[in-house]
2 protein chains.
Amino acid sequence: MPRGNCQGQGWWHGKFRDCGYRLTIGREAILDILSRSEGHLSAEDIYIKVHPKYPNVGLTTIYRTLDVLSNLGMVYKLDFGDGRARYELAEGPKGAHHHHHLVCTGCNSVIDYTDFIDEEVELLQQTEKGLGKKYNFKINNHVIQFYGLCGKCSVNK
Amino acid sequence: MPRGNCQGQGWWHGKFRDCGYRLTIGREAILDILSRSEGHLSAEDIYIKVHPKYPNVGLTTIYRTLDVLSNLGMVYKLDFGDGRARYELAEGPKGAHHHHHLVCTGCNSVIDYTDFIDEEVELLQQTEKGLGKKYNFKINNHVIQFYGLCGKCSVNK
DNA sequence: AGAATTAATGAAAATCATTTCCATTTATAA
DNA sequence: TTATAAATGGAAATGATTTTCATTAATTCT
């Protein structure tokens, strides 16, 4: 198993190598899919998208790669409460597509929102700094999610 | 199955009845444990705590009850990324013990923090209002979590 | 380039939290 | 107290994720 604490803020190709991981076909395929698809993909979603082009990349590899990517901070692993993890490319808290989530507990649909993000991110950064110092924590990720009922679901209930 | 949209902001005993649920021994035992224990309990944790006093309350009932409580908004279901859900009593976003979480991705330990909560909650409330209007969403819960490495884990890696 | 080394892989099996099924019990309403 | 519908438990099913292990591929060393 490759060596430890590689959670800096770079960008891929190089990041892998720097951390002692090998850049393989499968891993590139997965990164490719992730960067091409907007959204929140489950491991199986990714498998299905990768499979046509690379039929010999197994689901196990998808899981293993997502785990690596997640540890490297290149991917966010998300939980929307439906029992399967979702993954999306991280682009750094200041990155172009940073967003938070609005999750409907009725139909499990998810809205990405970018409104209010600036204020949120600013506050989060202060908070991160304060918490990091106080609790001696090296924070490298955060999750903000709102749960509720979407228009459709709040009518149907 | 009892009827629908019972996600108001009251407090238990009564809340159950009002929503058409029956208040049974098992359910009370679970609420009792939840209100007595500070922390983030898994379904099994709760089972183990309930079992000595009420050996005939099964794990299935724990899950079912937690699901009900969660739908009623009386309990938060949390995910700290270790593959099992954790539950804690909700006391309303303005309640006495409201806190957010700092999760160590190394050892899965969790710190509850209350610093910055006021600012966070204030911002979240504005955001909730704005998002609710814009996306026609009835928001009734939020999650803020920071992920990182605790002091110990960032040394060991 | 070729051999040696070690990480990465796939397929199948194992794991493990959570759900479902169903016959029985219990809480509530009549 | 009886009728009815919800709640229960235990066993079995489910389904996402991990582990195992023999094989393959990427890197390193000559």
key: Atom-to-atom span, CG of B/D45 to C1' of C/dA17 - whole angstrom   = 13 Å

Interatomic distance, A/L66 CG vs C/dA8 P [rounded to whole Å] = 15 Å

task = Output all residues satisfying side-chain hydrogen bond (donor to acceptor under 3.5 Å, both in side chains) with B/R86, sequence neighbours left out; order by chain, then residue number.
result = B/D82

request  = May I have the distance from B/I62 (atom CD1) to C/dT18 (atom C1'), rounded to whole angstrom?
outcome  = 13 Å

ask   = Among all residues two or more places apart in sequence or in another chain, which pass the side-chain hydrogen bond (donor to acceptor under 3.5 Å, both in side chains) test with A/Q145?
value = A/Y147

ask   = How would you list, by chain and number, every residue that makes a ring-ring contact (aromatic ring centres under 6.0 Å, His included) with B/H99, sequence neighbours excluded?
value = B/H101

Close side-chain approach of B/I139 to A/L102, heavy-atom, < 4.5 Å = yes

task = Determine, for nucleotides 25-30 of chain C in 5'-to-3' order, which nucleotides have protein heavy atoms under 4.0 Å from the base (write B), from only the sugar-phosphate (write S), or from neither (write -).
result = --BS--

task = Only counting residues at least two apart or in another chain, list the ones meeting ring-ring contact (aromatic ring centres under 6.0 Å, His included) with A/H51.
result = A/Y47

ask   = Reading nucleotides 13-21 of chain D 5' to 3', which nucleotides get B (base under 4.0 Å from a protein heavy atom), which S (sugar-phosphate only), which -?
value = ---SBBBB-

message = Between C1' on C/dT15 and CG on B/D82, what's the gap in Å once rounded to a whole number?
response = 15 Å

remark   = Of B/P55 and B/R27, the one whose nearest nucleotide on DNA chain D sits closer to the 5' end is B/R27

query = In chain order, what residues pass the side-chain hydrogen bond (donor to acceptor under 3.5 Å, both in side chains) check against A/Y63, with sequence neighbours excluded?
reply = none

key: Partners meeting salt bridge (Lys or Arg N to Asp or Glu O under 4.0 Å) with B/D112 (sequence neighbours left out)   = none

message = Enumerate the salt bridge (charged side-chain N to carboxylate O under 4.0 Å, His left out) contacts for residues 23-37 of chain B, please, sequence neighbours excluded, ordered by first and then second residue.
response = B/D32-B/R36

